There are 2 protein chains.
Amino acid sequence: MGTRLDIDLDRSSPVPLYFQVAEQIAEAIRRGDLTPGARLDNEILLADQLGLSRPTIRQAIQYLVDKGLLVRKRGVGTQVVHGQVKRSVELTSLYDDLRRAGQEPTTRVLSLRPVGADEAIAGVLGVAAGTEVLHLERVRYAGGEPLALLHNWLPAGAGLTSEALAARGLYELLRAAGVRMRVANQRIGARAATPAEARLLDERRGAPLLTMVRTTYDDQGRAVEHGSHVYRASHYSLEVTLIER
Amino acid sequence: MGTRLDIDLDRSSPVPLYFQVAEQIAEAIRRGDLTPGARLDNEILLADQLGLSRPTIRQAIQYLVDKGLLVRKRGVGTQVVHGQVKRSVELTSLYDDLRRAGQEPTTRVLSLRPVGADEAIAGVLGVAAGTEVLHLERVRYAGGEPLALLHNWLPAGAGLTSEALAARGLYELLRAAGVRMRVANQRIGARAATPAEARLLDERRGAPLLTMVRTTYDDQGRAVEHGSHVYRASHYSLEVTLIER
DNA sequence: GACATCAGGATGTCCGGACAAAAACGCCGT
DNA sequence: ACGGCGTTTTTGTCCGGACATCCTGATGTC
């Protein structure tokens, strides 16, 4: 039944076999070799064709099911999901999003200095009140227009400089510094622009702004970054994809 | 090392063993028996204690890692994640959220009738333009105050009545009708209230509103619901948790 | 012809074992 | 006292098999 996939495995590679399989199936879907609704061969047959065991195949398929690319149904089989589920959502920053959209974002750093954490900031970052944390204030531009006003607080000032921040995104710099971000909690709302915000963002006073307060945690659940951002609603919206397991 | 968990298994239950284990570990974390940072016994020991095999234990732990409750590190062990990662995000509706928050939501159905799908709606629902779809317009109240104006389009009018919608949430009704929602794509933005919206929501004209356009798909990737909603920004915000795998 | 029953096919769950790789620890020499 | 090396611990990956459960379609009966 199934479209005969040709998947080649490299057993000497450090990349796990299940991952090699998953990637090549995903690639076949992207390429269009596997069209939406197409049924994969059953797991046992697939395992046989590739010379792998069924658990390994299952692990590969499960990985793609979690990503929303495949759908399994007991007694029926495994199919490529119908409809284009825009794959997105990873832990990205505004900068990443803009870059991917082909825009050329620029950044103006308004402020970059250590401050004593007040009660609220200390609470979310999980440090004692009064501890020195790095406070960061930036304006992000895209296409020559101001887009967002970004406030961030970070526990350990990991060697961030104004120059680096002007050229690259915060998340990119943190990742390069070896920080492994894993969980982010975001609260999204809206409110009217204050006069100061309106001036910085080239909007009328009282214009609707999209607000996002986010705290990002690493592997260990330690807060690595806390941000309070406002976006020009007329120029930006957020996209989120949820997958129920 | 680990705090001795007592987990009891029911092998005659139809609930999978790995799920029984996962639930009881999660419960121990919620209860505080397992504090953040606490190390679990290693997988082999755990399997031995419970009389299960290692793969089963691994499946249980993996489930909790995916949910963001545990963290695994090779050579180290499995720990309860530090910091409270507010668990949320499943595919819920505004109604569910309010109920969980202890509020008593009410709904006024403004309109409930079949309409011919225009180009845009037909596109997102995956039907031919002009096909009859159910259009639904509601105002949601909480604590006696209007909170949101909800517009929805559904492909097959699955026996929805005004009475049912006044008493329960749309998602609840769909689930009860056997619809299995799995993926949702949301775009979140903000804009100023139109005069009509301001009147319905008891806001001033031009007040900032949070907007959300969502399309929900089932197992097969078929669209089951499309909604365009506006929320009073002064009374509501959205919370989203992202977990990177 | 319609409904109930049965068989086949597929995924779901679970077991037991084996080796690899990464991280932490202790030992030892300098 | 310090640094390097090997050992131990623990999770990561992979195998092969067994039975359960669910869905679908065909068969058979009324």
Side-chain angles (χ1 to χ4, degrees), chain A residues 1-3 7 9-23 25 37-66 69-81 178 180 182 218-220 245, chain B residues 1-2 7 9-25 37-66 69-81 178 180 182 218-220 245:
Chain A
M1 235 289 115
T3 318
I7 291 177
L9 301 171
D10 179 2
R11 288 194 107 96
S12 68
S13 160
V15 178
L17 292 171
Y18 82 89
F19 195 79
Q20 294 184 34
V21 174
E23 287 244 299
I25 293 177
R39 281 222 308 284
L40 262 62
D41 285 335
N42 73 56
E43 298 172 348
I44 297 174
L45 184 58
L46 221 43
D48 219 42
Q49 287 170 10
L50 299 178
L52 296 172
S53 70
R54 191 176 159 219
T56 304
I57 295 295
R58 273 185 72 77
Q59 198 174 358
I61 291 175
Q62 186 60 50
Y63 177 82
L64 295 175
V65 170
D66 288 347
L69 288 173
L70 296 178
V71 176
R72 292 211 264 208
K73 264 176 134 180
R74 188 191 293 210
V76 179
T78 306
Q79 292 176 277
V80 178
V81 74
R180 288 187 296 190
R182 183 149 187 292
D218 70 0
D219 267 7
Q220 303 301 306
R245 215 188 312 279
Chain B
M1 235 297 106
I7 291 177
L9 301 171
D10 178 2
R11 291 192 104 99
S12 68
S13 161
V15 178
L17 292 172
Y18 82 89
F19 195 78
Q20 293 185 34
V21 173
E23 287 242 299
Q24 292 183 50
I25 293 176
R39 279 220 311 284
L40 262 63
D41 287 333
N42 73 56
E43 297 173 348
I44 297 172
L45 186 57
L46 220 43
D48 220 41
Q49 287 170 8
L50 299 178
L52 296 173
S53 71
R54 191 177 160 220
T56 303
I57 295 295
R58 273 185 72 76
Q59 197 174 359
I61 291 175
Q62 186 60 49
Y63 177 82
L64 295 176
V65 170
D66 288 346
L69 288 173
L70 296 178
V71 176
R72 293 211 262 207
K73 263 187 161 166
R74 190 190 298 210
V76 179
T78 306
Q79 293 176 279
V80 178
V81 74
R180 288 187 297 191
R182 184 150 186 292
D218 71 0
D219 268 4
Q220 303 300 306
R245 207 197 309 278

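Values in this document were obtained by computation on a predicted structure and should not be read as measured data. Proteins get letters first, then strands, A, B, ... in listed order; numbering begins at 1 in each.
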Which residues pass the side chain to side chain donor-acceptor pair (under 3.5 Å) test with A:S13, not counting sequence neighbours? none
At under 4.0 Å, does any side-chain N or O of B:R11 touch on OP1 or OP2 of C:dC15? yes
Starting from P on D:dG12, measure out to CG on B:L70 and report it in whole angstrom. 12 Å
Residue pair A:D10 / A:Q20, side-chain donor-acceptor N/O under 3.5 Å: no
Can you tell me the distance, in whole Å, between the CG atom of B:L46 and the P atom of C:dC15? 13 Å
Summary of salt bridge (charged side-chain N to carboxylate O under 4.0 Å, His left out) pairs that have at least one residue in residues 43-52 of chain B, sequence neighbours excluded: B:E43-B:R54, B:E43-B:R58, B:E43-B:R72
Rounded interatomic separation in angstrom, taking CG from A:D48 and P from D:dG16: 10 Å
Is there a side-chain polar atom (N or O) of B:Y18 under 4.0 Å from OP1 or OP2 of C:dC14? no
Without decimals, in angstroms, what is the distance between A:L52 CG and D:dT13 C1'? 12 Å
Measure the distance from CD on B:Q79 to P on D:dT10 and round it to the nearest whole Å. 13 Å
Atom CD of A:Q62 to atom P of D:dG12: distance rounded to whole Å? 16 Å
Stepwise side chain to side chain contact (heavy atoms under 4.5 Å, CB included) test for B:V65 and B:I61: CA-CA 6 Å; B:V65 170; B:I61 291 175; 4.1 Å; yes
Atom pairs, N/O to N/O, protein against nucleotides 25-27 of chain C, distance under 3.5 Å?
none

Find the distance between CG (B:L64) and CD (B:Q59) and round it off to the nearest 0.5 Å. 11.5 Å
Close side-chain approach of A:L70 and A:V80, heavy atoms under 4.5 Å: yes
Could you give the CG-to-P distance, from B:L45 to D:dT10, as a whole number of Å? 8 Å
Respond yes when some side-chain nitrogen or oxygen of B:R72 is under 4.0 Å from OP1 or OP2 of D:dG12, and no when none is. yes
Could you state the interatomic distance from CG (B:L50) to CG (B:L9), rounded to the nearest 0.5 Å? 5.5 Å
Let me confirm one number: the CD1-CD1 distance from B:I57 to B:I25, rounded to the nearest 0.5 Å. 7.0 Å
Contacts of type side-chain contact (heavy atoms from CB on, under 4.5 Å), residue A:T56, not counting sequence neighbours: A:L17, A:Y18, A:L52, A:S53
What's the closest nucleotide to the side chain of A:S53 if the choices are D:dT13, D:dT10, D:dC15? D:dC15
Quick one: is C:dC15 close enough that its OP1 or OP2 comes under 4.0 Å of any side-chain N or O from B:T56? yes
Below 4.0 angstrom from OP1 or OP2 of C:dT13, is there any side-chain N or O of B:R58? no
Can you identify which nucleotide, out of C:dA10, D:dC14, D:dT11, has its nearest atom closest to the B:E43 side chain? D:dT11
Nucleotide by nucleotide, nucleotides 17-25 of chain D touches protein heavy atoms under 4.0 Å in the pattern (B base, S sugar-phosphate only, - none) -B--BBB--
Side chain to side chain contact (heavy atoms under 4.5 Å, CB included) between B:L40 and B:Q79: does it pass, once the steps are laid out? CA-CA 6 Å; B:L40 262 63; B:Q79 293 176 279; over 6 Å; no
C:dG12 P sits how many Å from A:N42 CG, rounded? 12 Å
Relative to the 5' end of DNA chain D, which residue comes earlier, A:F19 or B:I44, by the nucleotide with the nearest heavy atom? B:I44
